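Please read the structure below before turning to the comments.
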Amino acid sequence: MNHYMKSIMASLLLGAASWANADIAVIVNPAYAVSAAAPDEISKLFLTKADSVGGGGHLTPVDQPEGNALRDAFYLKVCSKDPAQLNAYWSRLIFTGQGQPWKIIDGGDAAIVDFVSKSPEAVGYVSATAVNAKVKVIATFPE
Amino acid sequence: MNMRQTALSRQLAAWLALGTLVGGPTAVAAESPLRINGFLSAVGSQMNIPSSYGYTQEISDKLSFQPGSVLGMQFGYQIDKQSSFNAQLISRGVEDWNVNTEWAYFKYNINHNLSFKAGRQRTPYFYFSEAQEVGFSYPWVLPPIERYTNELSAYDGLAIRQAWSGNWAGNVEFLFGSGIRAKGQGNEEFDSRTKRIAGVVANLYKGFWTYRASVIKGTFVPELDASSEDAEMMAMVSLNKALAQTTSGPITDGTRVVTTDLAANFDNKRWFMLAEIGSVDYDKGVFSDDTVGMLTVGLHMHRLSPYVLLTRGRTNSEGNVRRNDLIAQLNGASGVTESDLTLIRSYTLEENSFSAGVRYDLQSNVDCKFQVTRVTGLNHTNGYFNDTPERGNALIGLFSLDAMF
């Protein structure tokens, strides 16, 4: 194995390890007035029970694609729901006309960070390692 | 398996395959203004006594796949950022799989927290009333029959909802309109209308808890067909004539009805619980004033969710007094038959049930459930059976396959 391949393998392993241990960060646009939110507020936000945190303005969540490991971890950790329980919860909203699942952002954490950085009312969740200065973290959950 | 069952099996298989292929409720592109979702439940049932029981009296001592089996398709179109149109089509086994528009309404968001809906909507009498037929949304095979029998209805009208965030987040909805219920829905032998509906429904959210309270009133008007040769309709027409001789008057004149409900739901990683107590009160006539309490407790164990369910339904003392008064007025009156009096007595609810069951999530959008229910406490009344069971109790086996897509 040449030096180039070793570097790639090392990067991949390091990346996987850092993702596996990464915290989950809930991010908003830096312009959002509130800088910290309680876990219960985040849960309500993503389960459509509330549309803001800490008395701030309206927020609209965006979601990771279904089947994404970070998504499963986020909903289990923050909302106490595994994928089937989450779908059961949504089914009650969808089929009574009370709501639709959140907009899904394809392209991984970077795409969500980019979307939130350009959308004043967006809120998303990403691996904490993906956070940059273009977004503001309002809550962090250990993986 | 007869031809109808074969056709049904093919239909269910096709819908299930479609749902499985599509893969989940978020499969339709989020960017598209048109959203299409669907759900299905195939419910099998059998009980151990020769009677019929349930929402539409379809649970019997023969294995049947019709009661509760349902296919639904929902269409939502986002007209612009603030307004949308939603419609739901439903095809039920108990209605020979005819397709009906269950509801269709226009929704306008005045701001992020205030919205109104206009059109045909499900009447939100109880906690699960609006999602009563979406098997995937609840833990049981069927919602508790003692509570969720009579309320499968919709109304044409307006609903205004105000939501708020915070430590105690929630929403309150005011609704106004006129309701409809077709024969066969909600265990009725006749079409009916509920006029001048006005109600309020409030939800509060705190931690793992959801609290709900509702009060909905209206004027219930059965629509009887005097020319019908259907035995049940003829019995109702005869009863209506008899009641015209009483201080209550005929049921076709309408009866004010108030439905109230309180519910608390807890759901975390490990446990779930739903406690609900609801009552239906008529101001006159033969229909039973009843109060039904129910308690469900269950566990989340990865894909398995075992649960137990207790229900207790009783006609209120005021309802019993009114019924006995009617019987006293009609005893010996001209043209009143014993059948009329028997029918009046049948509007009495005394029923308890204990259920144990399990839900298993086959996929994130498909489940199967098994449930055994023992119905007791009938005290020589019919409960939700079509006649009084001789042995005073019954054992019912239920299973279902539910999917959403």
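Chain letters run A, B, ... following the sequence lines, proteins first, then strands; residues in each count from 1. Note that this is a predicted model, so its numbers are computed, not measured. Computed from heavy atoms alone, side chains included, the values below leave out hydrogens, waters and symmetry copies.
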Residue selection (most heavy-atom pairs with chain A, distance under 4.5 Å) from B:Q121, B:K107, B:R161, B:R270 = B:R161
From A:S80 OG over to B:H300 NE2, what is the distance, rounded to the nearest 0.5 angstrom?
-> 9.0 Å
Distance under 6.0 Å and angle within 45° of ring axis: A:R92 vs B:F136 | no
Rounded to the nearest 0.5 Å, how far does CG of B:N365 lie from CH2 of A:W90?
-> 16.0 Å
Interchain contact, A:D40 with chain B, by part (heavy-atom threshold 4.5 Å) | side chain
Identify the two heavy atoms, one from B:G207 and one from A:K44, that lie closest to each other, and give their separation to 0.1 Å.
-> N-CE, 4.4 Å
What heavy-atom pair brings A:T96 and B:Q74 nearest, and what distance separates the two atoms?
-> N-OE1, 4.4 Å
Would you confirm whether B:D361, through its side chain, and A:A84, through its main-chain N or O, come within 3.5 Å as a donor-acceptor pair?
-> no
Measure B:R359 against the heavy atoms of chain A and call it side chain, backbone, both or neither at under 4.5 Å.
-> side chain
Step by step, would you call A:S91 with B:F39 a side chain to side chain contact (heavy atoms under 4.5 Å, CB included)?
-> CA-CA 9 Å; A:S91 70; B:F39 62 92; over 6 Å; no
Nearest 0.5 Å, what's the CG-NE2 distance between A:D82 and B:H302?
-> 7.5 Å
Just checking heavy atoms, which of residues 164-171 of chain B are less than 4.5 Å from chain A?
-> B:W164, B:S165, B:G166, B:N167, B:W168, B:A169, B:G170
B:M73 CE to A:F95 CZ distance, which is reported to the nearest 0.5 Å | 9.0 Å
Using non-hydrogen atoms and a 4.5 Å limit, figure out which bit of B:R303 sits close to chain A: side chain, backbone, both or neither.
-> neither
Could you tell me which portion of B:F272 (side chain, backbone, both or neither) has an atom closer than 4.5 angstrom to a non-hydrogen atom of chain A?
-> neither
For the residue pair B:Q78 and A:Q100, establish whether any side-chain heavy-atom pair is separated by less than 4.5 Å.
-> no
Could you please spell out the steps behind the side chain to side chain contact (heavy atoms under 4.5 Å, CB included) verdict for B:M404 and A:N87?
-> CA-CA 8 Å; B:M404 63 177 292; A:N87 278 343; 4.0 Å; yes
So which of B:S115, B:A131, B:G76 has the largest heavy-atom pair count under 4.5 angstrom toward chain A?
-> B:A131
Taking atom CH2 of B:W209 as the centre, does the number of heavy atoms from other residues, nucleotides or ligands within less than 6.0 Å exceed 12?
-> yes
Donor-acceptor contact below 3.5 Å, side chain B:Y205 vs main chain A:A50 | no
Relative to chain B, which segment of A:S52 carries a heavy atom at a distance below 4.5 Å: side chain, backbone, both, or neither?
-> both
Output the residues of residues 80-89 of chain B for which the shortest heavy-atom distance to chain A is under 4.5 Å, in residue-number order; output 'none' if no such residue exists.
-> B:Q88
Kindly compute the distance separating NE2 (B:H112) from CG (A:L59), expressed to the nearest 0.5 Å.
-> 9.5 Å
Check against side chain to side chain contact (heavy atoms under 4.5 Å, CB included), B:T210 and A:K49 = CA-CA 10 Å; B:T210 297; A:K49 295 174 178 176; 3.8 Å; yes
How far apart are the C-alpha atoms of B:K269 and A:K81, what are their side-chain angles, what is the distance that settles it, and do they pass the side chain to side chain contact (heavy atoms under 4.5 Å, CB included) test?
-> CA-CA 6 Å; B:K269 280 178 194 166; A:K81 295 195 184 300; over 6 Å; no
